[in-house]
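Data first, discussion second: the structure below is written as C-alpha cells.
Only heavy atoms go into these numbers, but all of them, side chains included; no hydrogens, no water, no symmetry mates. Just so it is clear, the structure is predicted and the values come from calculations on it, not from any experiment. Labels below follow one simple rule: chain letters A, B, ... track the order of the sequence lines, proteins then strands, and each chain is numbered from 1.
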Amino acid sequence: MVEFSLPRGTMDFLPEEMAQRRYVEDIVRKTFESFGFQEVQTPIFEEFALLAARSGEEIREGMFTFMADEVEYALRPEITAAVCRMIVTGKIDLPKPYKVYYLGPCFRYEEPQAGRYRQFWQAGIELMGSQSPMADAEVICVGAKTLENVGITLYRLKVGNIGIFRGILEDAGLDLENQNRIIGNIDGIMSTREKCALIAEKSELEIDDKTYIKTYLSMLYDLQMSLISEGVESFGKYEILPSALENLASWVEKMPIVMEQTYRAAWVAEGVPEKTVDLLLEVSKVCGPRSEVMPTAQTLLKGSAVEQSLQELDEVLTYLEAYGVSNYEVVLGVARGLDYYTGTVFEFDVPLLGAQKQVCGGGRYDRLVEEFGGLPTPATGYAFGFDRIVLSRLLIKDIPTPRKVDVFIAVVNESLDQNAVRISQDLRERGFKVETEMTQRDLKGQLGYASEIRAKYCVILGPKELKEGKVMLKNLETEEQAPVLLEELAEVMKEGNVPENEPEN
RNA sequence: UCCGGGAUAGGCUAGUUCGGUCCAGACUGUAGGACUGUGGAUCCUACGACCCCGGUUCAAAUCCGGGUCCCGGACCCA
C-alpha cells in the first residue's frame, strides 16, 4: 500500500479546528465590516510578473511557480498586489475611497516553522483613495479592534513612518534601490537588537541562542574582514577577533552595537555621508511613548526634509487616539520587509507566540497602484496572519465547539428506519440539527453514540410508542425521558424540557 | 541551505541511560460479550506498533553508519 503524506508545510483541519477557525473568522469579518469594508476575492494564483513586480527576480525562490499556456504563474504569497491589479484592471466601480477586505489562503515556498506554513491564511484590508493620516489611523484601529474582539489583548503595536528613512536617504542622493538595501540592513539591526534583548532576559544561553550568536559573529566578522581589505582602517574596540567565540555570553550585549558600527563602516565605504549614517542609526534607536519620542525626533530631524514625514506620523497618532487606540509604541525604526511602503508603517506582535510572533503588518503604499498602470491612488492597508491569530487566541483561552446536532434519532429495530428519516426531515425543517441512525447498531450503541456526539436529545422510535402516535424523547443531559406525541415533539424540544417521567407499567 | 531535537498500535505513550528480564507494557480507540427496548460506569475477549536500509553482536526498539520524514530554531519573511 502506498502511504501518502501531508505536503510539507500544509495542514489538515479537523472538524473541531474548523469550528475554532470559523469562530475567529466570524469575528474578523464582523469587525472589518463594522468599518465599512467589503469582501473581495481574487484568484489564488497570478502572473508571476505581477507578484514579483516590486521585488525583482530573487523573490522567485520564495514562491511556488508554474507554467501554463506559456505564461509563468505563481501561487500568491500575499494579496495586496492582486487587489491593486483588480483596481487597475478597472472592473471596480465603487465610490472612493475603496474599502475592501479579503480572507484566503496564500503560499510561500519556505522552510516551515512554528506558526509558519507553506499554505497559510491571510486576512487583510485595503483602504484606497485617501491620503489622509486618518485613513492610516483607521486601518491601525481596525487591526487593534480585531485582535481585541477576538480576545487577544496581550499584543504589542509599533507605529512608525518609513518616509523618515527614505527622506534621509534621498537627501543624501541615494536611489530607490540603495534606499531599500540600507533600509533592509536597518531592519536587520532592529531584529538583532530585539533578539539580543530577548536572550539577555534569560539566565543562561540556550543552544539556539548560541547558534544565533555564532552565526552573526561569523557574518559580521566576514563583513569586517572584507571592509578592511577594501581599506577601512580598523574597527577599534568593535572589531571582532578570532577569539570572540570564547565568551559568547558577552556578545549578547555587544552584538547590536558591533553590528551598527560594522554597517556604519560599510555604508560610509559606499560613499554615504557620515552625517547621514549617524542620523540613520540615531533615528533607528528612537522608540517609546509618543510624549518622549516626538520631542527627541523633532530635535534630531530639525530642518531636514523629513520633518513632513514626522508631522504625518504625529497626525496619525492624534487620529489614532481619537479612535481610542493609545496602547502603541512609536518606533521610528519599524522598517518592514516590504519595499513598497511609502509612509506610515506598523506591526502587531503577540509575544506569546515565540519566534514567529508577528501577527499583522501593514502601512501606506501610495505608489503601488500607479506602478501597476493605474491612476495615482494613495492607499493604506495591512494583512493579518490568520492562523497566528487563531493560535494566539487558543493560547489565551479555549474556543468552545458548537454541538454537532441537537437531536439524534435512534431506532429500536431496523424496520423503523424510514419513520426515522421522515421525522428527521420534519425536524430539520423546523430548524433542528438532526442526525439519524444508519449503522444498524443496537440501542445501547446508538445511545452511546448520541451522547458521545453531545446531542442534546435522543428520539427513540419503538413499536410500542409508535402505535399510539408517540415517540420516546430522552434528554441526554438530564437523563429524563418520556413518551411524546409526534406532533408535539418539536414544541417540547423547543421549550427545552421533557415532561415528567411516566411510570413504567 | 544550515543548526538542534525527535520517530514505538488509529490516537497519546512506557521501555532506549547500561543490548538479553520486551515474540514490547499502560491508557484510549475499534469490534464482540457479560446486558436481544436505554448511553459517558465496571469486567472479560479480540484487533493493533518498535520509520527505512545496512553494520556490530550469540543476542538490537536499545549501539554504530547512511537515508526519509516530523518538530523547533537560523537565514528569509515580498
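Among the protein residues, A/G62 comes within range of the nucleic acid bases, having at least one heavy atom under 4.0 Å from a base atom. Using a 4.0 Å heavy-atom cutoff across all strands shown, A/E110 reaches at least one base atom of the nucleic acid. Looking at heavy-atom distances under 4.0 Å, A/L476 makes contact with a base.
Side chain of A/R388 to main chain of A/G115: a donor-acceptor pair is present (N/O by atom type, distance under 3.5 Å, no hydrogens or angles). The main-chain N or O of A/D398 is found under 3.5 Å from a side-chain atom of A/R393 such that the two form a donor-acceptor pair. Side chain of A/T342 to main chain of A/D366: a donor-acceptor pair is present (N/O by atom type, distance under 3.5 Å, no hydrogens or angles).
The separation of B/rC27 from B/rC18, taken at their P atoms, amounts to 31 Å, rounded to a whole angstrom. Remark: the separation of the C1' atoms in B/rG10 and B/rG55 is 33 Å, to the nearest Å. Taking atom P in both B/rU62 and B/rC2, the straight-line distance is 27 Å, to the nearest Å. For B/rC3 and B/rC64, the C1' atoms lie 22 Å apart once the distance is rounded to whole Å. B/rA61 and B/rA74 have their P atoms separated by 38 Å, given to the nearest Å. Using P as the reference atom, B/rG54 and B/rA60 are 14 Å apart when rounded to the nearest Å. When the P atom is used for both B/rA14 and B/rC77, the distance is 40 Å, rounded to whole Å. Across the P atoms, B/rG29 and B/rG66 are found 42 Å apart, a figure rounded to whole Å.
Distance check: A/R264 CZ to A/I189 CD1 gives 11.5 Å after rounding to the nearest 0.5 Å.
Annotation: side chain of A/Y457 is not in contact with side chain of A/V434 (no heavy-atom distance under 4.5 Å). In this structure the side chain of A/I162 never reaches within 4.5 angstrom of the side chain of A/R364, judged on heavy atoms. A 4.5 Å side-chain heavy-atom check between A/L447 and A/S451 finds every atom pair outside the cut-off. Here the side chains of A/K494 and A/F432 are in contact, with some heavy-atom distance below 4.5 Å.
With a cut-off of 3.5 Å on both pairing distances, the Watson-Crick and G-U wobble pairs of RNA chain B assemble into stems of 3 or more at B:1-7 with B:68-74, B:29-34 with B:42-47, B:51-55 with B:63-67.
Donor-acceptor pairing under 3.5 Å is recorded for the side chains of A/Y102 and A/E126. Side-chain polar atoms of A/E435 and A/Y449 form a donor-acceptor pair below 3.5 angstrom.
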Q) Which letter, B, S or -, goes with each nucleotide of nucleotides 66-75 of chain B from 5' to 3', with contact meaning a protein heavy atom under 4.0 Å? A) ----S-BBBB
Q. Tell me, for nucleotides 30-38 of chain B in 5' to 3' order, what letter each nucleotide earns: B for a base near a protein heavy atom under 4.0 Å, S for only sugar-phosphate near one, - for neither?
A. -------BB
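When the nearest nucleotides of RNA chain B are assigned to A/P77 and A/R454 by heavy-atom distance, the more 5′-ward of the two goes with A/R454.
Ring planes of A/F346 and A/Y382: perpendicular class, angle over 60° (limits at 30 and 60°).
Distance CG (A/D12) to P (B/rG11): 13 Å, rounded to an integer number of Å.
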Q: Decide yes or no on salt bridge (Lys or Arg N to Asp or Glu O under 4.0 Å) for A/K158 and A/E347, but give the supporting numbers first.
A: CA-CA 5 Å; A/K158 293 182 271 189; A/E347 289 178 0; 3.5 Å; yes
